[in-house]
Number of protein chains: 2
Amino acid sequence: MRIAIDVMGGDHAPEQIVKGALDAAAEWPDTELLLVGDKAAIEPFLKDGIPSNVQLVQADDVIGPEDEPVKAVRRKKGASMVVAGQLVKDKQADAMLSAGNTGALMTTGLLVVGRMEGIERPALAFVLPTMDDVGILAMDLGANMDAKPEHLAQYAVMGSIYREKVHGIKQPRVGLLNVGTEAKKGNEMTKAAYDLLEQAPIHFIGNVESRDVLNRNCDVIISDGFAGNIMLKSLEGTAGTIFTMLKSAFGSSFLTKIAAAIMLPQLKKLKKKMDYKEHGGAPLLGLNGLVVKCHGSSDAVAVKNAVRQARIALQGNMIESISSEINGK
Amino acid sequence: MRIAIDVMGGDHAPEQIVKGALDAAAEWPDTELLLVGDKAAIEPFLKDGIPSNVQLVQADDVIGPEDEPVKAVRRKKGASMVVAGQLVKDKQADAMLSAGNTGALMTTGLLVVGRMEGIERPALAFVLPTMDDVGILAMDLGANMDAKPEHLAQYAVMGSIYREKVHGIKQPRVGLLNVGTEAKKGNEMTKAAYDLLEQAPIHFIGNVESRDVLNRNCDVIISDGFAGNIMLKSLEGTAGTIFTMLKSAFGSSFLTKIAAAIMLPQLKKLKKKMDYKEHGGAPLLGLNGLVVKCHGSSDAVAVKNAVRQARIALQGNMIESISSEINGK
């Protein structure tokens, strides 16, 4: 299997991305890794030589975090991200990874790799942290603001298959983000989506509330990108604010500083649980190939983890499973 | 001025509601309070006599928390909540308060008190807690699931006037709940609402994110009921989960219990900041009269606070101000 890695995208590119790719190459000799980027920029990090299962693919250009996604993908045909996408499109690679501009990666997925037949809206599937450290796969947290009920039903099928194939959760419980758990709750969109989800080939457990997400009230949570993003930022913001207040409370006197010293290991653990960046790559589901978004701040460990995920997805024929479920063949 | 109080609604009715009303009557002798309920149930709490500015209004029936709102309001004409609404409708009272069934109170507002001319959707205005204890007035947190951009613009005008008249905040900053702060962010609905809010007679500061709500990023936050409710429950749920985790971390050993003892006063203060029940009554804005929803668990202090709010709103001619702003007269 062959995985193309955009080594030019992300805050720590190319050094950490190259390092992660080399670590992955060493761990999985059966996997070919195509490092896509500017050779001159990459070579300083290849001083120990290039392993036999690693190839360099030259890309002269790069898409930056400030680039306007659609314009950048259309105009910069030689950008590392676009070249990696083209490798997947041309079946030269089975999957691609990038820690670059999220919007540009989604555009690369749509315009270069191509949408899967029968899928109306590809979407990113992120893992929300939960207190038990298992996490919830969330679709969609902001890729598509206005979704139709049919899109939500497709997210559910794709997310459910990914959760089972890649995360090994049998019969993942799929919940619909809503304002109450009763069947008739919500707005017109969620009411219509509820009916479709009941008929979908998934283990639908009904409506779920954002207040219970941290306690893993389901394995896959479905919403439109607007509601999902409001939930995500509320969770992040509340956790961040409480930790800031705690820090100030712990620092307020000699005694509280002693208390802080006692509690530090546990507080760190708790804070880490809430860190949305700790989790690995997010697949863009609904394409004719596997595209994985790595966090912008990804280091070598994160990149290697993303390769691990991609391998599992490819070994489990995840894309084919989604296609046959969506298209009934 | 005359304020009707549904003394039969709420978890601690009628005792705490009557007690709060009597405290309010003693504090504000210029205000007449109409206690609406079953005299037999009320009288045990009036052993010290009835003050001259308090009247009892008989209501034989009561709407319970499990009653289906529209059905209950239509059928139970003699319910305390409906009788209180009728007093406002008939100009026998300037305002009404109830700690009863929220849906039934909204229905009473719409069907009994009546919608204000020019207003399409009345909505409840709740105060979200913020770390500086000032709070943000939020419309809507769940009353109307599917709102149109025009509804959001009306919420903004009503909420802004309430915030200024009742909470004394000059030129309250109105923010639109969205997935980013840039002008072009969001779904079709928020994009259209943004344009209307820019033209509204308010101090519109643009889009605001849910992650900054606890730091009071605005004074009035506008959203449809679905998104507002997702935000509210995410905030509540995250805070609740973190406090539960903290409690367990603090209880894990002898040393951490010492740390807990040191931190207890400050943790209590922090937890109280996040308690959404601590705040007073929520007005149902957009009606031909003032209707205030008190929290179901309201005690005498909360009831007295709600009377205080209602007095300020009436003294400031809040309803007339909203009407003249909406109808341009």
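Chain identifiers are assigned alphabetically (A, B, ...) following the order of the sequence lines, protein sequences preceding nucleic acid strands; residue numbering begins at 1 within each chain.
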Atom [atom1] of [X]: over 12 foreign heavy atoms under 6.0 Å:
X         : atom1 : answer
Lys148(B) : NZ    : no
Lys271(B) : NZ    : no
Glu66(A)  : CD    : no

Gap between atom [atom2] of [Y] and atom [atom1] of [X] - 0.5 Å precision:
X         : Y         : atom1 : atom2 : result
Met131(B) : Ile242(A) : CE    : CD1   : 6.5 Å
Leu232(B) : Glu209(A) : CG    : CD    : 10.0 Å
Leu246(B) : Leu246(A) : CG    : CG    : 5.5 Å
Asn229(B) : Ser210(A) : CG    : OG    : 7.0 Å

Q) Looking at Gly225(A), Ser234(A), Gly237(A), which has the largest count of heavy-atom pairs under 4.5 Å with chain B? A)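 Of the candidates given, the most pairs with chain B belong to Ser234(A).
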
(Q) Can you tell me which of Asn144(A), Thr244(A), Leu255(A), Ile258(A) forms the most heavy-atom pairs within a distance under 4.5 Å of chain B? (A)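 Of Asn144(A), Thr244(A), Leu255(A), Ile258(A), Leu255(A) has the most heavy-atom pairs under 4.5 Å with chain B.
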
Q. Taking only heavy atoms into account, what residues of residues 174-181 of chain A are found under 4.5 Å from chain B?
A.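 Within residues 174-181 of chain A, near chain B: Leu177(A), Asn178(A), Val179(A), Gly180(A).
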
(Q) Regarding Thr238(B) and Thr238(A), do their side chains bring together a donor and an acceptor under 3.5 Å, going by distance alone? (A)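 There is no such pair between these side chains.
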
**Q.** Any side-chain donor near an acceptor of the partner, Gln266(B) and Ser252(A), under 3.5 Å
**A.**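 There is such a pair between these side chains.
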
Q | Part of Asn215(B) lying under 4.5 Å from any heavy atom of chain A | A |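 The answer is the side chain of Asn215(B).
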
**Q.** Which portion of Ser223(B) sits near chain A, non-hydrogen atoms under 4.5 angstrom
**A.**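 Neither; nothing under 4.5 Å.
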
Q.
Is there a side-chain contact between Lys185(A) and Met145(B) in this structure, where contact means two heavy atoms from C-beta onward sitting under 4.5 Å apart?
A.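 A side-chain contact under 4.5 Å is absent here.
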
Q | Contact summary for Ala259(A) and Met263(B), nearest pair of heavy atoms | A |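 Residues Ala259(A) and Met263(B), closest heavy atoms: CB-CG, 3.8 Å.
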
Q. Considering all heavy atoms of both residues, which atom of Phe226(B) and which atom of Ala227(A) are nearest to each other, and what is their separation?
A.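 So the minimum-distance heavy-atom pair works out to CE2-CB, 3.8 Å.
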
Q | Heavy-atom contact with chain B under 4.5 Å, split by part of Glu188(A) | A |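 The answer is both parts of Glu188(A).
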
Q) What part of Thr241(A) gets closer than 4.5 Å to chain B, counting heavy atoms only: side chain, backbone, both or neither? A)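 For Thr241(A), side-chain heavy atoms alone lie under 4.5 Å from chain B.
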
Q) After noting the C-alpha distance and the side-chain angles of Met245(A) and Lys273(B), does the key distance pass the side-chain contact (heavy atoms from CB on, under 4.5 Å) rule? A) CA-CA 11 Å; Met245(A) 301 289 290; Lys273(B) 275 184 193 293; 3.6 Å; yes

(Q) Heavy-atom pairs under 4.5 Å with chain A - which of Ile230(B), Leu267(B), Asp224(B) has more of them than the others? (A)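 Among Ile230(B), Leu267(B), Asp224(B), the one with the most close pairs to chain A is Ile230(B).
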
